[in-house]
2 protein chains.
Amino acid sequence: MSSTTDRTANVTVNPEAAIVDVERLENVLLGRWGDLRRAARVRVADPRFAKIEGLSMAEHRARIVAQVKTLAVEGDVLRAFPVELGGTEDDGGMLAGFEELVAADPSLQIAAGVQWGLFASAILHLGTAEHHRRLLPRAMSAEVFGAFAMTETGHGSDVASIGTTATYDPATEEFVIQTPFRAAWKDYLGNAAVNGTAAVLFAQLITGGVNHGVHAFYVPLRDPATMDFLPGIGGEDDGLKGGLNGLDNGRLHFDRVRIGRTNLLNRYGDVAVDGTYSSPITSPGRRFFTMLGTLVQGRVSLDGAAVNVSKLGLMIAITYGNQRRQFSGGSATQEVVLLDHAEHQRRLLPRLAQTYAAHFAHDTLLETFHDVFSGTTDTDEQREDLETLAAALKPTSTWHAIDTLQACREACGGAGFLSENRLASLRADLDVYATFEGDNTVLLQLVAKRLLADYAREFKDIDAGGVARYVANRAADAALHRTPLLRAVQTLADGGDVRRSAGQLREAETQRELLTGRVETMVAEVAAALRPATRSSREDAAALFNNHQHELIEAARAHADLILWQEFTVGLELIEDPGTRRVLTWVRDLYGLTVIERNLAWYLIHGRLSAGRARTVTSYIDRLLTRLRPHAQDLVNAFGYGAEHVRAPIASGAERARQDEAREYYRAQRESGEAPVLEKSLGRETGTVAGAPAVGVVRPASAESDPVDAESA
Amino acid sequence: MSSTTDRTANVTVNPEAAIVDVERLENVLLGRWGDLRRAARVRVADPRFAKIEGLSMAEHRARIVAQVKTLAVEGDVLRAFPVELGGTEDDGGMLAGFEELVAADPSLQIAAGVQWGLFASAILHLGTAEHHRRLLPRAMSAEVFGAFAMTETGHGSDVASIGTTATYDPATEEFVIQTPFRAAWKDYLGNAAVNGTAAVLFAQLITGGVNHGVHAFYVPLRDPATMDFLPGIGGEDDGLKGGLNGLDNGRLHFDRVRIGRTNLLNRYGDVAVDGTYSSPITSPGRRFFTMLGTLVQGRVSLDGAAVNVSKLGLMIAITYGNQRRQFSGGSATQEVVLLDHAEHQRRLLPRLAQTYAAHFAHDTLLETFHDVFSGTTDTDEQREDLETLAAALKPTSTWHAIDTLQACREACGGAGFLSENRLASLRADLDVYATFEGDNTVLLQLVAKRLLADYAREFKDIDAGGVARYVANRAADAALHRTPLLRAVQTLADGGDVRRSAGQLREAETQRELLTGRVETMVAEVAAALRPATRSSREDAAALFNNHQHELIEAARAHADLILWQEFTVGLELIEDPGTRRVLTWVRDLYGLTVIERNLAWYLIHGRLSAGRARTVTSYIDRLLTRLRPHAQDLVNAFGYGAEHVRAPIASGAERARQDEAREYYRAQRESGEAPVLEKSLGRETGTVAGAPAVGVVRPASAESDPVDAESA
């Protein structure tokens with residue numbers, strides 16, 4: 001892949017030297033589906049797929065429709081589908097390709113996700129052979145644009161409570177779809193406002209007076225010839241959104257809409273002609289989770305796309321930060337580029353480190369997904385692990401992307417706010433990734449639930465006396481925590497040479513113990529706090545749970561932090577080049593220590609770090625930033641995005657050219673002897689500048705003059 | 001003012017009871033310019049001023065032009081201008097009115113700011129009587145739309161280094177304006193792309209071969225008849241931005257453009273006919289800062305507008321959170337509204353508390369500004385205080401607004417992402433507030449510089465021995481900090497009853513000491529670290545400063561946190577109603593403790609809080625959240641925005657109506673006996689739900705089912 005700039009041809013002279021072999025690292029990062037990713041990146045570099053800023057909503061929607069149709073033909077978007085229908089049954093490969101679409105336009109990624117990842121995929125996973133033959137081909141070819149009609153205005157994350165009903169009528173062998181009240185309108189559905197001619201619709205299945213819970217149905221929506229709604233169906237356009245305006249999100253409602261019995265996607269639940277319900281899964285709860293579990297791929301691909309967008313944002317901001325000079329004071333000799341400012345490094349490099357961590361974690365998620373869905377390792381426990389991993393990573397990476405794009409945008413000042421430089425635009429599009437396909441906060445609660453379940457399982461063989469002892473020990477622990485004491489996990493000597501203790505924090509085992517210990521302790525503490533819930537009323541138990549909701553979510557976050565660190569550490573093993581591995585180990589350390597610094601109060605309160613050692617966390621981070629700064633450009637270049645993907649004028653080299661021109665102008669002026677003399681150099685009294693410190697302090701290089709940035713004003 | 005919803009008519013029965021008297025609190029919040037704010041709010045409620053989402057950039061720009069012209073006639077926007085020209089010389093009143101414009105459309109607020117706050121105001125403050133007579137009337141009437149041409153592509157915050165030159169030619173008694181290279185193009189200027197017919201332009205003033213530094217010039221840009229650029233002037237449109245697209249930001253460049261000598265705005269520096277330069281301020285540095293100092297009002301009004309937008313966002317999210325029900329499990333009895341979830345409270349209520357703190361801090365800033373600019377208290381020191389205060393508050397409130405809008409948007413899920421509900425739109429518009437009119441990070445460095453200067457001043461009478469003793473004490477301190485010990489500032493007993501220590505944290509004096517002590521210590525530590533800079537080369541000093549840039553910025557943040565807390569505490573004195581004061585005292589405590597919790601590691605490392613007491617910070621915050629939750633609606637209602645300002649369908653009561661309709665449907669169905677029976681209630685084996693904990697744990701009420709929010713998908 002070509003790069004926009006500065007892809008220095010590093011030759012490793014000394015194998016011990018910290019030098020990034022950009023090309024080899026890029027290969028490692030492309031990973032198991034590297035060839036597919038390369039091919040996808042060539043495709044998305046095609047200007048036909050690039051987002052055009054400033055289109056009207058209608059124009060953007062029309063462009064996305066055309067792009068989806070093109071993808072159906074040229075896009076290799078059918079890999080996950082059955083061989084007999086033209087697919088290759090390569091689940092991971094399909095998602096890898098989808099994740100790359102985000103570089104062209106996040107609306108396109110989501111549109112492809114709706115069409116193939118949700119709509120067609122639901123037919124594949126929730127339907128049976130007859131559905132595959134009858135419905136899949138036109139869904140796969142995008143002849144039928146489909147909506148995924150799950151969410152309702154009144155129920156977003158709580159799918160089990162949706163209001164729409166599908167009541168079986170044995171007289172006609174039909175289901176009757178009904179929207180009982182306004183809150184049960186389907187809402188926020190891509191392809192619903194304009195383009196969809198069919199939907200996979202989720203509704204409460206009722207037959208013989210029994211509600212068997214939420215099931216999926218194939219429901220035609222519009223007459224493809226006229227694009228008018230079919231009888232009994234109505235809807236509304238959700239209109240303009242904060243981003244992703246290439247998607248035609250809309251609302252749908254149904255008034256006694258009849259569909260054939262066989263339009264029930266009946267893999268996990270069926271209704272016979274006479275109305276008898278049957279299911280291979282006896283428990284309604286388990287059945288529900290099994291059906292929804294097939295949809296985990298949405299979260300997997302959002303995780304991957306979010307990591308890719310973080311990479312793009314950092315590519316733009318770090319390239320610009322390496323070229324842009326500020327506060328030069330008119331003297332060519334004192335100019336420094338933005339990235340030489342310590343605060344600029346603080347803003348960008350820890351986010352770069354987390355992006356690397358998120359990359360490796362996503363790789364593991366994608367492989368896990370592939371192995372489960374391809375059947376290689378498809379047990380209940382593995383499905384559960386996959387879902388928990390996705391529920392932990394999707395919130396982490398989507399919030400990280402939003403945060404990183406914002407930091408990048410601010411680090412580029414007014415230039416970062418121009419749509420042409422993409423940061424604000426990507427930020428706007430990624431925003432909703434935090435709440436769709438599982439609200440981040442709700443997903444983290446699912447993770448916490450799983451952590452509690454695992455914890456409870458560990459203790460299941462302990463008798464009542466054992467639990468009592470455990471609780472007593474917990475109380476003793478709490479007393480110890482009052483004044484920080486050394487604990488088993490903290491084996492390092494206190495005090496002494498700051499450099500030595502920083503060196504110890506650098507050790508992977510120390511980081512692992514600190515990160516692991518935190519998760520374990522948080523889970524144990526919450527579990528202990530929730531213990532009375534087993535003996536209390538449902539209301540009291542709910543109240544108790546609510547009182548600890550914040551700690552549950554924090555425990556899940558800590559778990560996700562640990563996963564990222566672990567997967568990064570495992571990923572380091574893939575790096576064969578010693579120079580590259582050395583640099584990436586610093587990046588891993590920066591990630592680990594940033595997480596520890598963020599939670600430093602917790603480590604101090606729990607006696608896991610002494611005050612003295614806690615101070616060294618920040619100073620070691622500072623040292624890592626200094627060490628990594630020269631490698632920043634290599635580290636973003638290794639993401640493998642070329643100018644055709646970055647497409648941001650500020651990261652094109654134009655800034656460097658401007659700065660060089662300005663410096664050359666001043667140099668020539670000085671040499672010509674025609675430069676005006678500065679008044680202050682004429683020997684007049686210099687005076688005191690308001691606010692300038694009088695003693696013992698120099699003015700900061702980056703606040704040399706009063707800062708007034710009147711951009712956009 | 002009318003309110004959108006829920007403005008309960010609270011009658012204070014028991015004066016000790018914690019009840020918010022919404023109307024009286026609203027009056028307190030409206031403050032010194034309450035009548036003007038009320039009038040401004042009536043104006044901005046006029047649909048002529050409301051932002052229309054989804055306009056093209058050209059349409060939005062045209063709408064803003066029309067609105068600015070309307071404001072010029074009806075908007076009471078000239079209060080700060082001289083009486084003889086139709087103003088009332090009421091600086092604070094003018095800004096108060098401008099701050100209210102943001103509720104209509106942030107583009108309008110900034111457009112008004114460019115026209116009257118920057119362009120016309122620069123003529124007023126940097127020009128002299130002749131300029132006022134000749135140029136002000138048409139700037140004030142908006143007959144001339146003006147650009148404020150300070151920023152250049154190559155220099156944003158570093159105004160002193162701009163490249164544009166204005167060279168005096170005594171032969172023709174003209175200045176020649178020249179753009180020497182591409183990086184010196186003026187950039188990001190509102191009114192430059194399309195609408196501006198003149199500019200106040202900042203350039204290096206050169207006469208007789210001497211560069212006297214940056215001065216302001218009045219430069220005609222376009223022929224008003226044709227709107228073509230005048231000879232020698234060219235430019236570009238900055239195009240679409242991440243927000244604020246009602247502003248026509250653009251670039252300008254100048255090739256030997258000649259303007260008359262008297263177009264120099266000559267209050268602080270003049271050139272005689274023969275080219276002799278003169279200035280009432282001998283020091284070029286001081287002169288520069290004096291000129292820029294007149295522009296502080298931009299930061300003051302951005303601070304106020306940012307606080308107002310935070311209020312609007314919270315009004316929307318808290319109103320919705322009080323109506324929206326989720327995870328009801330289909331049973332009407334167990335439904336809770338979002339705001340009853342502890343995590344939802346954690347997301348919104350601390351931000352509400354900071355918004356109150358920021359409100360009171362802004363009130364003080366605005367009064368300080370007014371007193372300085374009206375001449376009541378206009379000394380050098382007071383100007384310096386004003387500038388430092390503005391430099392501390394503008395970053396704090398603009399970042400807070402961005403963060404708050406994002407939290408509000410996520411708290412409203414997919415509905416929060418729809419443009420009609422304004423949160424995403426306001427978020428996009430406010431984004432650039434963090435980097436224009438002084439980049440936030442650069443402003444905080446100015447604050448830190450001032451803190452260091454004050455600190456140095458305190459120590460100026462100490463002889464060398466004193467400094468040595470001071471340094472020795474600092475070293476002793478550092479040793480003590482290794483293992484947290486009680487210090488003078490920490491007078492509270494350790495351990496013991498958690499409730500009692502939480503009670504102590506509630507005391508204002510404890511909070512004040514903790515917040516004050518942190519600022520003092522941080523400044524002292526940075527000052528000590530920077531001390532060697534006085535004896536080192538300029539390069540070494542700059543490197544040393546760079547090494548401590550992050551701590552400098554953190555010290556400035558801590559200072560801003562303290563200001564907000566102090567001004568909130570002073571503001572409490574204005575609340576006469578005891579019930580309201582009680583609630584607001586909790587809000588103040590929540591703000592103070594949230595700041596302390598955010599910096600808990602610092603307090604632990606520095607021995608200001610023991611581990612035991614540190615734990616109580618979070619538990620006391622939890623108690624405050626529970627206590628404040630019933631008052632949340634009153635607290636946002638007291639901001640005084642009516643439905644005509646909020647204009648968000650989700651905060652209109654529609655959500656409550658939908659939820660009521662759904663509950664009524666289920667109730668009627670149950671009573672009719674026609675409700676379908678749930679399969680799981682038929683006595684079949686319930687089975688184990690994947691991920692459900694087995695022991696000692698209830699499932700969280702808010703994760704009752706697998707969360708899949710397919711909105712926008």
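We name chains A, B, ... by the order of the sequence lines, and we start the count at 1 in each one.
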In the structure I gave you, are the side-chain heavy atoms of [X] and [Y] within less than 4.5 Å of one another anywhere?
X      : Y      : value
A/L604 : B/I605 : yes
B/H606 : A/R615 : yes
B/V432 : A/R409 : yes
B/H155 : A/R325 : no
A/R658 : B/T153 : yes
B/T435 : A/F417 : no

Q | Closest non-hydrogen atom pair between A/Q549 and B/A342, with its separation | A | OE1-N, 3.1 Å
Q. What is the minimum heavy-atom distance between B/G242 and A/S419, and which atoms define it?
A. N-OG, 3.9 Å
Q) Can you tell which of A/V442, A/L552, A/I553 makes a side-chain contact (heavy atoms from CB on, under 4.5 Å) with B/E343? A) A/I553
Q. What residues form a side chain to side chain donor-acceptor pair (under 3.5 Å) with B/D340, not counting sequence neighbours?
A. B/R629
Q | Results of side chain to side chain donor-acceptor pair (under 3.5 Å) for B/T441 - residues two or more places apart only | A | A/R347
Do you know which of [options] has the most heavy-atom pairs with chain B at a distance under 4.5 angstrom?
options                : result
A/G243, A/G416, A/G298 : A/G243
A/S425, A/G154, A/A448 : A/G154
A/N211, A/T167, A/I206 : A/N211
A/T388, A/L423, A/L240 : A/L240

Tell me which of these, [options], has more heavy-atom pairs under 4.5 Å with chain A than the rest.
options                        : result
B/G239, B/A184, B/P180         : B/P180
B/L418, B/D238, B/T165         : B/L418
B/N440, B/D431, B/N547         : B/D431
B/A614, B/A662, B/A424, B/G213 : B/A662

Q.
Measuring from atom NZ of B/K680 to atom OG1 of A/T282, what distance do you get when rounded to the nearest 0.5 angstrom?
A. 14.5 Å
Q | Under 4.5 Å from any heavy atom of chain B - which part of A/T290 | A | neither
Q.
Looking at A/Y188 and B/A415, would you say the former's side chain and the latter's main chain have a donor-acceptor pair under 3.5 Å?
A. yes
Q: Could you tell me whether a side-chain N or O of B/E661 sits under 3.5 Å from a main-chain N or O of A/F181, the two making a donor and an acceptor?
A: no
Q) Is it the side chain or the backbone of B/R182 that comes within 4.5 Å of chain A heavy atoms, both, or neither? A) both
Q: Measure B/E597 against the heavy atoms of chain A and call it side chain, backbone, both or neither at under 4.5 Å.
A: neither
Q | Pair B/R427-A/R427, side-chain contact (heavy atoms from CB on, under 4.5 Å): steps then yes or no | A | CA-CA 11 Å; B/R427 164 74 188 69; A/R427 163 75 189 68; 3.1 Å; yes
